[in-house]
Amino acid sequence: MKRIALAAALAAAFTGSAFAQSSVTLYGRINTTVEARKFSSADDEVYGMFNNASRWGLRGTEDLGGGLKAFFQLESGFGSDNGSGTGGFSRDAYVGLNSASLGQVKLGKFNTFGYYATVDYIGNFNHNTGLTSEDNLYGLAVTLNNAVEYVTPTFGGFTGSATVAAGEGSATQTKFYEVAGAYDMGALHLGAAWNKAEILGQDVVKGFTLGAWYAFGPFGVGASFDQADRPVLGKRDHVALTGMYTMGNSEFHLSYGWADEWDNAADTDAQQITLGYNYNLSKRTKVYAFFFKTNTGAAATDYGDPGEDIRSLGFGIRHNF
């Protein structure tokens with residue numbers, strides 16, 4: 001009994017001194033839809049259950065004192081429709097340091113600051129997941145490996161970032177550069193970024209993106225623009241527009257996306273529209289329904305085979321934990 005008591009005392013002492021300033025959180029999202037999809041290349045509708053970027057993860061922080069904190073995040077995707085897993089932490093895997101006065105540095109795998117500040121920021125219906133994603137036509141790089149990102153402290157509502165990802169001399173690994181910024185003041189958000197991805201010194205895609213969101217009363221409206229420049233294909237512009245009206249627990253959503261033809265590829269334009277409705281059962285759980293439709297040029301491959309169009313009517317449940 002004395003040994004047990006001593007062990008308990010030592011455990012309590014170490015817990016109090018070494019771990020009192022640390023925290024680790026298990027989090028996730030399960031997002032599943034049942035849809036009736038009609039493809040232009042097929043005669044019959046397809047009825048199915050679909051995963052919408054479900055994920056789980058671990059995130060943690062440690063207070064190091066003097067305004068400095070260490071943090072990490074590990075995130076993996078899985079199929080909420082069939083229980084399949086992607087293996088490893090394929091969505092996020094990073095560690096970093098944050099200082100209130102000096103800014104933040106993180107290293108690993110993550111999405112770009114510019115993506116989050118523009119097209120992702122305005123995607124409020126199903127949060128850029130599933131068939132209705134506002135980023136379906138987004139032309140720039142999103143997820144980075146082997147990346148280092150610095151984010152400045154916020155000055156007068158403005159936050160800047162600079163990101164570099166190492167190509168490691170590989171013919172399959174992308175080297176990446178980005179400078180980006182965001183401005184938040186009250187109900188207004190603005191974002192902008194320029195970035196470039198290359199492999200072994202050859203450009204894969206480069207360009208810039210802009211985004212804005214404004215909320216007034218029960219309404220919210222957003223817009224983003226990006227221009228991608230790819231070898232051979234040339235340039236392509238993409239615009240996404242979103243709107244939301246909130247009434248009690250209900251949200252009514254409308255979004256529209258348009259991308260013009262690539263400079264050197266005729267009939268590659270594409271459009272999409274989503275009419276959506278969310279009902280928030282709680283802060284973490286919602287049910288929703290939507291109608292989604294595309295209209296693409298004969299050579300566009302944004303939704304599958306050249307010229308493929310999709311129409312979908314769906315119902316979904318989303319739960320965050």
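What you see is a predicted model; the values in this text were computed from it and never measured.
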Revision key, fill the gap. Sorted by chain and residue number, the ring pair (Phe, Tyr, Trp, His ring centres under 6.0 Å) partners of Tyr115 (sequence neighbours excluded) come out as Tyr138
Pairs of donor and acceptor atoms involving the side chains of residues 239-248, under 3.5 Å and at least two apart or interchain, shall be tabulated with distances.
from   : atom 1 : to     : atom 2 : distance (Å)
Thr242 : OG1    : Ile122 : O      : 3.0

Revision key, fill the gap. Salt bridge (Lys or Arg N to Asp or Glu O under 4.0 Å) with Arg236: of Asp226, Asp302, Asp229, only one passes, and it is Asp302
Exercise for review: Verify whether one side chain among Ser250 and Tyr277 offers a donor that lies under 3.5 Å from an acceptor in the other.
Suggested key: yes
Review point. So which pairs with a foot in residues 126-155 pass salt bridge (charged side-chain N to carboxylate O under 4.0 Å, His left out), sequence neighbours left out?
Key: Lys106-Glu149
Review point. Listed by chain and number, what are the side-chain contact (heavy atoms from CB on, under 4.5 Å) partners of Ala182, not counting sequence neighbours?
Key: Phe113, Ala117, Asp184, His189
Check your understanding: What pairs meet the ring-ring contact (aromatic ring centres under 6.0 Å, His included) rule with one or both residues in residues 164-188, with sequence neighbours excluded?
Key -> none
Practice item. Indicate, with yes or no, if the rings of Tyr288 and Phe125 have centres closer together than 6.0 Å. Key: yes
Practice item. Taking side-chain hydrogen bond (donor to acceptor under 3.5 Å, both in side chains) as the test, write out the residues that go with Asn280, two or more places apart. Key: Glu251
Exercise for review: Give every residue pair that meets the salt bridge (charged side-chain N to carboxylate O under 4.0 Å, His left out) criterion with at least one member in residues 82-105, sequence neighbours excluded.
Suggested key: Glu75-Arg91
What side-chain donor-acceptor pairs closer than 3.5 Å can you find for residues 52-60, not counting sequence neighbours?
from  : atom 1 : to     : atom 2 : distance (Å)
Asn52 : OD1    : Asn126 : ND2    : 3.4
Asn52 : ND2    : Thr33  : OG1    : 3.1
Asn52 : ND2    : Phe50  : O      : 3.1
Ser54 : OG     : Asn31  : N      : 2.9
Ser54 : OG     : Asn31  : O      : 3.4
Ser54 : OG     : Asn51  : OD1    : 2.8
Ser54 : OG     : Ser80  : OG     : 3.2
Arg55 : NE     : Ala53  : O      : 2.7
Arg55 : NH2    : Ala53  : O      : 3.1
Arg59 : NE     : Gln73  : OE1    : 3.2

Please set out all donor-acceptor pairs under 3.5 angstrom arising from side-chain atoms of residues 200-210, sequence neighbours excluded.
from   : atom 1 : to     : atom 2 : distance (Å)
Thr209 : OG1    : Thr118 : OG1    : 3.2
Thr209 : OG1    : Phe225 : O      : 3.2

Practice item. Sequence neighbours left out, what passes side-chain contact (heavy atoms from CB on, under 4.5 Å) with Ser282? Give chain and number order. Key: Arg284, Thr285
Point to revise | No-hydrogen, no-angle side-chain donor-acceptor test under 3.5 Å, Glu308 and Ser41 | key: yes
Exercise for review: State which residues pass side-chain contact (heavy atoms from CB on, under 4.5 Å) with Ala166; sequence neighbours excluded, sorted by chain then number.
Suggested key: Asn146, Glu168
Review point. Taking only residues two or more places apart in sequence or in another chain, which ones pass side-chain contact (heavy atoms from CB on, under 4.5 Å) with Leu233?
Key: Arg230, Trp262, Ala265
Point to revise | Full working for side-chain contact (heavy atoms from CB on, under 4.5 Å) between Asn128 and Asn136 | key: CA-CA 8 Å; Asn128 278 305; Asn136 283 335; over 6 Å; no
